[in-house]
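Because only heavy atoms are used, hydrogens play no part in the values below, and waters and symmetry mates are left out as well, while side chains stay in. Note that the coordinates shown come from a computational prediction; the quantities given were computed from them, not determined experimentally.
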Amino acid sequence: MLGHLVRNLLANAVRHNRAGGRLALGTSADGVLTVSNTGPVIEPGDVPRLLEPFRRSAERQHTRGEGAGLGLGLSIVASIARAHSAKLIAEANPGPEGGLTIRVRFPV
């Protein structure tokens with residue numbers, strides 16, 4: 001399940017990035033996995049709904065590699081985190097870079 005968590009976080013960060021944008025992946029000794037990307041500016045108040053099933057920040061573009069387009073990636077990440085007693089923290093990155101930073105804090 002942890003492999004799915006990481007895969008979904010990275011796939012989401014790539015899919016919702018912008019051309020020439022950046023993606024960062026980090027871990028810490030105190031049990032925190034961080035994935036951050038650039039992308040559209042997201043209103044901080046909109047972030048919690050991105051963790052709900054079937055929610056996306058933008059409509060489907062019907063492009064190759066877009067996935068099923070159901071908006072399940074981050075909700076699956078949240079479910080897997082809960083199953084491992086981890087805390088998921090999602091934050092909108094400020095403009096102009098935009099994007100999202102997700103931290104998953106696992107119990108140590």
Side-chain angles (χ1 to χ4, degrees):
M1 287 185 6
L2 292 176
H4 287 295
L5 180 142
V6 172
R7 190 170 25 258
N8 281 357
L9 281 176
L10 291 175
N12 190 74
V14 169
R15 183 178 305 119
H16 297 287
N17 209 334
R18 59 181 156 85
R22 73 170 171 75
L23 185 146
L25 169 68
T27 59
S28 69
D30 60 344
V32 179
L33 168 68
T34 303
V35 176
S36 181
N37 75 332
T38 52
V41 174
I42 301 169
E43 293 297 322
D46 291 339
V47 173
R49 78 176 179 82
L50 297 177
L51 302 175
E52 297 173 7
F54 311 112
R55 298 297 185 116
R56 305 181 73 159
S57 62
E59 293 301 314
R60 286 187 69 196
Q61 301 297 312
H62 300 285
T63 58
R64 180 180 170 101
E66 186 182 27
L70 299 176
L72 294 174
L74 291 180
S75 66
I76 290 171
V77 167
S79 294
I80 295 171
R82 278 191 303 274
H84 286 85
S85 300
K87 180 176 181 180
L88 187 140
I89 302 160
E91 299 175 307
N93 299 330
E97 286 194 344
L100 196 63
T101 296
I102 305 280
R103 289 182 184 83
V104 184
R105 181 176 299 280
F106 293 92
V108 184

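In this structure, the separation between CG on L50 and CD1 on I42 is 5.5 Å, given to the nearest 0.5 Å.
For N8, there are no side-chain hydrogen bond (donor to acceptor under 3.5 Å, both in side chains) partners, not counting sequence neighbours. Checked against salt bridge (charged side-chain N to carboxylate O under 4.0 Å, His left out), R7 has no partners two or more places apart in sequence or in another chain.
Across all their heavy atoms, N37 and A13 have their closest contact at ND2-O, 3.0 Å. Here the closest non-hydrogen pair linking R103 and V32 is CB-CG1, 4.2 Å. E52 approaches S75 most closely through the heavy-atom pair C-CB, 3.8 Å. Residues T101 and S36 come closest through the heavy atom pair OG1-OG, 2.8 Å.
L25 and L74 fall within the same hydrophobic cluster, where Ile, Leu, Val, Met, Phe, Trp and Tyr residues are linked whenever their side-chain heavy atoms come under 4.5 Å apart, directly or through other members. Residues M1 and V6 share a single hydrophobic cluster, defined by chaining ILVMFWY side chains whose heavy atoms lie under 4.5 Å apart. Note on L100: it clusters hydrophobically with L10, by side-chain heavy-atom contacts below 4.5 Å among ILVMFWY residues.
Side chains of T38 and N93: no donor on one and acceptor on the other come within 3.5 Å.
By the 4.5 Å heavy-atom criterion applied to side chains, I102 and I89 are not counted as neighbours. A heavy-atom distance below 4.5 Å is found between the side chains of L9 and V104. Between D30 and R105, the closest side-chain pair of non-hydrogen atoms falls below 4.5 Å.
No more than 12 heavy atoms of other residues, nucleotides or ligands shown are found within 6.0 angstrom of NE2 on H4.
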Q: May I have the step-by-step check of side chain to side chain contact (heavy atoms under 4.5 Å, CB included) for T34 and T27, ending in yes or no?
A: CA-CA 6 Å; T34 303; T27 59; over 6 Å; no
message: Walk me through whether R82 and K87 qualify under side chain to side chain contact (heavy atoms under 4.5 Å, CB included).
response: CA-CA 7 Å; R82 278 191 303 274; K87 180 176 181 180; over 6 Å; no
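The side chain to side chain contact (heavy atoms under 4.5 Å, CB included) with L88 is formed by just one residue from the set I80, V77, L33; it is V77.
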